[in-house]
Amino acid sequence: MGRYTLGKNKKFKRFIVQMIMVSLLVQNTVFCNKAKAMNVNQTDINIEDAGEVISNTPSVTPDSTSYPTNEPTLTVTPSIGPTDIPTVTETPTITLTPTPTPTITPTITPSVTPTPTNKPTATPTPTKTPDKFIPNTLKLMAKYDYVGNSVTNISIKKLSLRTLQNQIKNFGKLYGYGMPIKEYTEAMSNKWIDVTEYNKKPVKITIDISKTMDYKTYVDTLKKLSRYDGVYLYKIGKSTQGRDLYAVEIDVNSSVKKDIFMLTGQIHAREFAGGTFVVKEFVDLIQKAQTDKKTMDLLKKNKFVAVPIINVDGREALIKEPKKWTKGSELWKAYTNGTDGNRNFPGLQWGQVMKGYSRKSYIADKPGYSFYAGDYAGSNKETKAMMKWLYHYIVVEQATYFLDLHQQGSIIYAGKGWQTKQQESRSLNLRTKVMSILNSGYTYRKYSRVFEGTSYGLQGEGSSLTDYAISLAIGAKFSPASGFMVFTDKGKEYMLLEVKDLDTAKIKVKEANKKFAAITLEIGYGTSYLGNSTYTRNLLANEYRNYKFGELLKSLPIYSK
Ligand SMILES: [Zn+2]
C-alpha cells in the first residue's frame with residue numbers, strides 16, 4: 001500500500017515510543033469516579049423503530065421473559081465528575097529529544113500509468129512523485145458501476161402513482177411517491193471525499209460519554225482518529241442543514257481477506273446513545289490496538305465501518321436548543337425538516353399496504369417530530385448519502401454484519417418477515433450473540449428480542465435503514481418505474497406486496513450477499529435515556545459500562561477462523 005511505503009514506518013515507530021510514554025503518564029493520572037446510587041422512575045416506555053411502534057397499546061409482544069413489564073425502578077450509578085471538560089482531551093505531544101531514528105529509505109515503486117490518450121498533449125512531464133495514496137474503499141468505488149448494477153434494467157421511466165396503483169390493485173394499495181431515477185442516479189454516483197489526516201501525528205483521544213459531544217467535537221474527534229494508521233475518514237454527503245456527513249473505516253494493512261462489520265448510529269435526533277457509543281467504540285478499539293497484539297490481530301481480520309451520527313442536525317439542535325426541539329413531552333426524533341430518516345429509504349416495502357390491512361395509524365401525513373416518511377422515497381439528503389454507503393459495503397464489499405443503533409426499550413429487532421427463513425436465521429443468530437454479550441455484564445434488566453409480525457412492512461410504515469440493507473442483500477433492485485426497490489425475475493418487476501414472502505414466492509431472486517445479517521438495537525430504557533441532559537448522559541455512560549458495549553466490536557466478529 002502506498003500509504004505504508006511513504007515513510008509511515010518511521011512515524012509509526014516514533015509513535016509507538018510516544019504511546020508507551022503516554023500510557024505511562026495516563027496510568028498515573030486516572031482519576032476515580034465516585035459513584036452515587038440514585039433511583040430512577042421509569043415512565044412512558046416507548047418502544048420504537050424498525051417499523052413497529054409501541055406507544056400506549058403495545059402492538060409488538062416482546063417474547064423474552066425478562067422483559068420488564070411494570071415501570072421498573074432502576075438503580076443507576078451515574079459517574080460524578082467534573083462537568084464541563086471537553087470530550088476530546090489532547091495529550092501534549094511529547095517530543096523525544098534526541099530521536100535517533102535510523103533513516104529508512106522507503107521503497108517507492110513509481111506506478112507510472114501510461115495515459116492512453118489520443119490528444120497530442122504537451123511534452124510529457126516525467127514525474128517521480130508517487131501517485132497520491134488512495135484507500136482500498138475508494139479504489140473499489142472508482143471502478144464499480146453503482147447505477148448499472150443496482151437498477152432493474154427493465155423499466156426505464158417513472159410511472160404515475162395511479163398507473164402503478166392500477167397494476168397492483170388486486171394485492172393492495174400504494175401510498176407515497178417513489179424516488180425519481182435522476183435523484184437515485186445522483187445518489188449512487190456521489191463521490192466520497194477522502195479527508196483522512198495522513199500527515200498529522202496521532203494523539204491520545206478520550207471519549208467520556210457523560211460529557212456533551214457537539215458536532216464540532218464530533219468532527220474533530222473523527223479527524224484525530226483518522227491520523228492512526230489504517231483509519232480512513234470520508235465525507236459522504238451533506239445533511240439537510242448543510243453539515244458534512246462522515247463515514248469512518250478501520251481497515252489496517254493486512255494480507256487477510258477481512259470480514260466487514262457495519263455500524264450506524266443516531267438516525268433519530270433524540271437517540272444520542274448510538275452516536276456517542278459508536279465513536280467511543282472506534283476510538284477505544286484503534287487506540288488499544290496500538291499496544292495490544294490481540295486487538296491488532298482482530299483488526300487485521302476485520303474491517304470496521306461506521307456512520308456514527310446520521311442525524312447530525314438533529315443532534316446539534318437538541319444540544320443547542322432543546323426547548324425549541326421539544327413538542328409537548330416529546331423530544332425531536334426526525335430530521336430537522338420533519339422527515340423521519342428511518343422511514344425514508346426507497347426499500348422493498350416503500351408505501352405499500354397489503355390487501356386486508358390498513359395503514360398503521362401512527363404514520364404521519366405531514367412533516368413533524370416523528371413518523372413522517374418523507375415527501376417521496378429517498379427525499380432527504382441523509383437518506384441519499386446512506387443509500388450509497390449501504391450499497392457499497394453490503395453489495396460491493398460483501399459485509400457480514402450490520403448493527404443499527406437506536407433507543408429505547410432494551411430490545412433487538414432481527415430479520416424481516418419477507419426474507420427466506422434461511423436468510424432471516426443469520427440475523428437471528430447475530431441478535432443472540434449481541435444479547436449474550438450485552439447481558440453478560442451487570443444487568444438489572446436484560447436486552448431481549450422482539451418479534452415482528454409477518455405483515456411487517458406492508459402496512460405503510462415506510463422503509464428503514466435495515467429494511468433497505470436487507471432489501472439490498474436479498475437481491476432487490478431499484479425500479480425506475482416505481483421509484484423504490486422491487487424483485488425481478490424473468491424480465492419482470494414485482495413489488496413486495498405481490499410477493500409477500502420469499503419462502504412461498506413463485507419467483508426466483510438471486511441473493512446479492514449470502515452471508516449478511518442485520519439487527520436494530522434499541523439502547524437504554526425509557527424516555528429518561530433520550531436527549532442530552534446531564535442526567536441522560538450519566539445514564540448512558542452507565543449503560544455503556546454495565547452492558548459491555550465496549551466489548552461488542554471485540555467479541556462479535558468471527559475472527560478466530
Ligand atoms: Zn430510533
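Just so you know, ligand 1 is whichever comes first in the structure, and atom 1 is the first atom listed for that ligand. For the single chain, residues carry numbers from 1 onward in sequence order. The structure presented is a predicted model; accordingly, all values stated were derived computationally and were not measured.
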Exercise for the section: Could you verify whether a donor N or O on one side chain and an acceptor N or O on the other, from E271 and H406, lie under 3.5 Å apart? Expected result: yes
Exercise for the section: Indicate yes or no: does R270 engage E330 in a salt bridge with an N to O separation below 4.0 Å. Expected result: yes
Fill in the blank from the handout: the Zn ion (ligand 1) -> H406, closest N, O or S atom is ND1
Problem - Name of the H268 atom (N/O/S only) found closest to the Zn ion (ligand 1) - result: ND1
Exercise for the section: Just give me the atom name: the N, O or S atom of E271 closest to the Zn ion (ligand 1). Expected result: OE1
Handout entry: Row check, Y215 ring normal vs R315 NZ/CZ: under 6.0 Å, within 45°
Key = no
Handout entry: K216 and D220 ion-paired at < 4.0 Å
Key = no
